[in-house]
Each structure stands twice: as structure tokens, then as C-alpha cells.
Amino acid sequence: MEFDFTTLIDRSGTGSTAAEIIPIRGAEVREGFDKIPMWVADMSFATVPAVQKALHRRIDHPCFGYFITPDAYYDAIIDWQRKRNGVEVKKEQINYQNGVLGGVVSALQAFTAPGESILVHAPTYVGFTGVLTNNGRNIVHSQLKQDEQGVWRMDYEDMEAKFRDQHIHFMVFCSPHNPCGRVWERWELEKAYELFKKYDVIVVSDEIWSDIILPGHTHIPTASISDDARSRTISLYALSKTFNLAGLVGSYSVIYNDYLRDRVMKQAGLCHYNDANVLSVEALIGAYCDEGERWVGELCETLNNNVELAYRFFTEQVKGVKLAKPEGTYMMYLDCEDWCREHGKTIDELQRLGVSVGVIWQDGRPFHRPYAIRLNLALPTARLQEALDRLDKYVFNA
Ligand SMILES: Cc1ncc(COP(=O)(O)O)c(C=O)c1O
């Protein structure tokens with residue numbers, strides 16, 4: 001491998017959420033075990049060297065005054081979108097967004113009113129629940145269903161009934177899907193867009209995970225599937241998941257339809273918070289290059305090995321935990337209901353048990369499944385193996 005995905009990096013003293021916080025209430029790590037962070041969506045890997053180089057270059061210049069976003073920023077996005085997603089984007093269709101969730105909120109405020117019903121799929125990324133609730137919108141869930149092979153699928157009949165009966169004209173769509181790890185196939189997107197067209201639905205397509213696609217799957221930008229999709233979709237992207245840069249903040253939207261874009265950007269500007277930071281602009285230019293692409297390739301290979309390892313563990317060594325193999329993202333979403341019932345334990349007890357041996361995993365219930373745990377697999381494979389060994393010996397098969 002050209003890049004390093006094996007070194008265990010000490011993040012102490014950097015204020016890292018993943019490394020510092022234990023997200024399970026009442027849980028503590030027992031003596032003799034160190035913490036293995038496997039929860040919030042960042043990675044235990046160093047970012048691509050090109051990002052640090054770009055940041056150093058900029059930091060060496062001593063002036064950090066107001067700045068004009070350089071053409072190199074737009075060119076980097078245009079190239080990246082062409083190479084990775086096969087789409088042609090123009091400079092004027094790209095806008096900085098202060099976080100993907102910030103972009104969701106601007107779109108929400110531009111096109112919906114407080115109290116209005118908004119469709120999301122369930123399980124639901126917890127950030128969507130937060131922004132919809134905080135903005136006083138009425139969340140309507142359409143449950144994803146697992147088919148005979150365990151693959152999470154949209155329930156089109158249910159979506160249609162909800163659009164029709166509850167007069168819904170706005171959907172927040174997640175592609176790839178967090179936490180289920182689905183990379184939607186073309187026919188699935190086409191079928192969804194038939195409904196969006198029929199019920200005149202504006203779609204926010206959160207594609208923050210679109211670079212983290214595992215072998216055998218292809219990300220299809222939702223806006224690219226038809227002219228109609230182009231005209232009704234607000235697509236959101238970021239470097240934060242791809243290159244582990246959440247702390248730098250710096251997302252962007254691609255909106256082809258002038259009317260939608262003008263409305264979203266008017267709303268985004270009202271708070272006067274939606275201005276890029278010079279360092280996150282430099283980080284994007286640094287990351288979206290050939291080196292960045294090679295790095296993402298090796299990252300996805302590493303993540304795929306981790307997914308295979310964890311999937312084998314849960315399907316072959318643990319009885320009572322159900323899961324679907326992720327196709328994208330680095331999240332694994334576990335349904336522990338049968339295990340809890342067989343062992344007379346609550347999901348809280350199971351979660352605390354994992355943390356007690358240093359496996360810092362995440363309560364999956366806020367993503368709308370009663371016995372769920374979300375597990376982040378973006379860590380060196382040897383550390384993952386250590387976490388699985390502890391889960392085997394002290395938790396699931398104790
Ligand atoms: C689907 C999805 N959207 C948005 C975010 C957060 O994005 P941001 O930090 O840019 O608001 C995350 C973070 O995990 C995510 O998984």
C-alpha cells in the first residue's frame with residue numbers, strides 16, 4: 001500500500017470526540033482495557049498527506065484576511081465530480097455549505113414551513129432527526145425493508161401513500177444510506193424519482209458518503225438519473241467522511257436548477273454564518289487530486305477488509321445478531337434483539353458490557369431501531385480484530 005492505514009494514532013490532547021467521549025450513559029471502561037473508538041463517524045486514520053501539505057503551504061503565509069474563493073476550489077470539485085461520479089458540473093452550480101446539515105437546513109427553510117411534513121427513510125441518520133425537529137418540521141418515516149437476501153430496500157407503496165395522504169413535497173434522501181450502508185442501484189433511484197415527480201417533491205440528496213463505496217458497488221448521483229431529477233434535487237457533498245476532515249468543516253452543494261439554487265443560497269445567506277474558512281478551502285484543493293483519489297482507493301480496500309472481517313464475525317461467531325453487509329460507508333448496523341432476549345439482557349446492558357471492555361460503540365436506537373447498535377469500522381484492521389476478540393470473549397460468547 002502507498003498509504004498508511006495500519007498505524008494506531010494517539011489522538012489524546014486533540015479534543016477528539018471519538019477518542020474522548022463515551023457515548024453510552026452509565027458506561028465505563030474496566031481497568032486493564034484501553035478504549036477502541038468505534039462510534040461517531042470519523043476515522044482512526046490520518047488524512048491523506050496532500051491535505052496536510054496544502055494546509056502547511058497556506059499557513060506559511062502570515063495573512064489570513066478576507067479572501068475570494070479561488071477558481072482552483074471550483075476546478076477541484078468539477079474534476080472530482082467528473083472523475084468519481086461521471087457528472088459535468090459548472091462553477092455556478094457549486095456553493096459552499098457550512099456543513100451538510102447546514103445545507104439541509106437552508107433547503108428546508110427555503111421550501112417548507114414549520115409544521116410541514118417531511119419524508120425520511122427509517123432507519124434515519126440521527127442528524128436528520130435533529131435538524132428536522134429543531135426546525136419544527138413534522139418527521140414522517142418510511143420504513144426501509146430487508147428483502148429475502150437481507151438487503152435494505154425502499155418501500156415504494158408506503159412512500160407513495162405518505163406523499164399522497166399527508167401532502168408531502170419535500171424529502172431528505174441519504175445516498176449511500178447511513179446507517180444501513182446501502183448504495184442505491186439505478187432502478188431503485190428511478191423508481192423513487194417516479195414518485196418524486198408524481199407528487200412534486202423537492203429532494204435533498206445527502207451524498208456525504210458517496211466516496212466510500214465498497215467493491216462491487218457504484219455510487220450514482222441522484223440528480224444524474226434524469227432531467228427531471230436534475231431539476232428537483234439539491235445534492236450535498238463534503239470532504240469530512242472521505243478524508244476524515246469533519247473538524248475543518250467544509251461542505252458544498254451542487255444544484256443544477258437555478259430557481260432551487262437561488263432560493264437555497266438566499267436562505268443560506270440570511271444567517272451570515274455560511275462563509276468558507278480559508279483552511280477548509282485549501283484542504284479541499286489539496287484533497288481532490290490524483291493522490292487523494294489513490295488514497296480513497298486504498299481506504300475503501302481497507303474498509304472492505306474490515307467489513308468482511310466484522311461480517312464474518314457476527315454471522316459465524318455470534319448467535320442472535322442480525323445485520324446486512326454494508327455496500328458503502330464504514331458503518332455496520334446491528335440488530336441485537338434476539339441476542340438480548342436469549343441472554344435476558346436489555347440493550348442498555350449489552351451496550352455497557354461492550355464499553356466495559358473498551359469497545360466504544362454507539363447506541364443505534366436514535367437511528368430508529370429498538371435493539372440496534374451502530375459500529376464504526378474505520379480503524380486499523382488489527383485494532384478491529386482486537387475489538388472483535390473482546391466482544392467474542394467478554395460480551396457475546398462470555
Ligand atoms: C448522512 C450524513 N449526513 C451529514 C452528516 C454530518 O455532516 P456535517 O458534519 O457536514 O454537517 C453525517 C455525519 O455523520 C452523515 O452521516
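Remember, it's 1-based here, ligands and their atoms both numbered in the order they're listed.
- At a heavy-atom distance under 4.0 Å, only side-chain atoms of C174, from C-beta outward, approach ligand 1.
- The contact set between ligand 1 and G99, taken as ligand atoms under 4.0 Å from a residue heavy atom, comprises 10 (O), 11 (O).
- Residue N178 has at least one heavy-atom neighbour below 4.0 Å for each of these atoms of ligand 1: 15 (C), 16 (O).
- Annotation for E342: atom CD counts as buried by contact number, over 12 foreign heavy atoms lying within 6.0 Å.
- Looking at T329, D206, L239 and measuring to atom 4 (C) of ligand 1, the nearest heavy atom belongs to D206.
- Distance remark: protein heavy atom not present below 4.0 angstrom from atom 9 (O) of ligand 1.
- With a 6.0 Å cutoff to the six-membered ring centre and a 45° limit on the axis angle, R30 counts as a cation-pi contact of Y394.
- Linking Ile, Leu, Val, Met, Phe, Trp and Tyr whenever their side-chain heavy atoms come within less than 4.5 Å leaves L189 and I202 in two separate clusters.
- Of the protein's heavy atoms, Y125 OH, 3.2 Å lies nearest to atom 5 (C) of ligand 1.
- The distance from atom OG of S205 to atom CZ of R232, rounded to the nearest 0.5 Å, is 13.5 Å.
- Within the 4.0 Å heavy-atom criterion, the part of A41 lying near ligand 1 is the side chain and not the backbone.
- Around the CG atom of D227, the shell of radius 6.0 Å holds no more than 12 heavy atoms that belong to other residues, nucleotides or ligands.
- Note that CZ of R352 is 9.5 Å distant from CD1 of I24, once rounded to the nearest 0.5 Å.
- Every atom of ligand 1 with a heavy atom of K241 under 4.0 Å away is listed here by number and element: 12 (C), 13 (C), 14 (O).
- By the 4.0 Å heavy-atom criterion, S251 is counted among the residues contacting ligand 1.
- Not a single heavy atom of A238 sits under 4.0 Å from any atom of ligand 1.
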- Step-by-step side chain to side chain donor-acceptor pair (under 3.5 Å) determination, Y333 to D335: CA-CA 7 Å; Y333 199 49; D335 174 358; over 6 Å; no
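- The distance from atom CD of Q93 to atom CD of E88, rounded to the nearest 0.5 Å, is 10.0 Å.
- Nearest heavy atoms, G358 versus F33: N-CB, 4.2 Å.
- Contacts of V100 with ligand 1, taken as heavy-atom pairs under 4.0 Å, involve both backbone and side chain.
- The ligand atoms of ligand 1 that sit less than 4.0 angstrom from a heavy atom of L101 are 11 (O).
- Residue I208 touches ligand 1 through its side chain alone, judged by heavy-atom distances below 4.0 Å.
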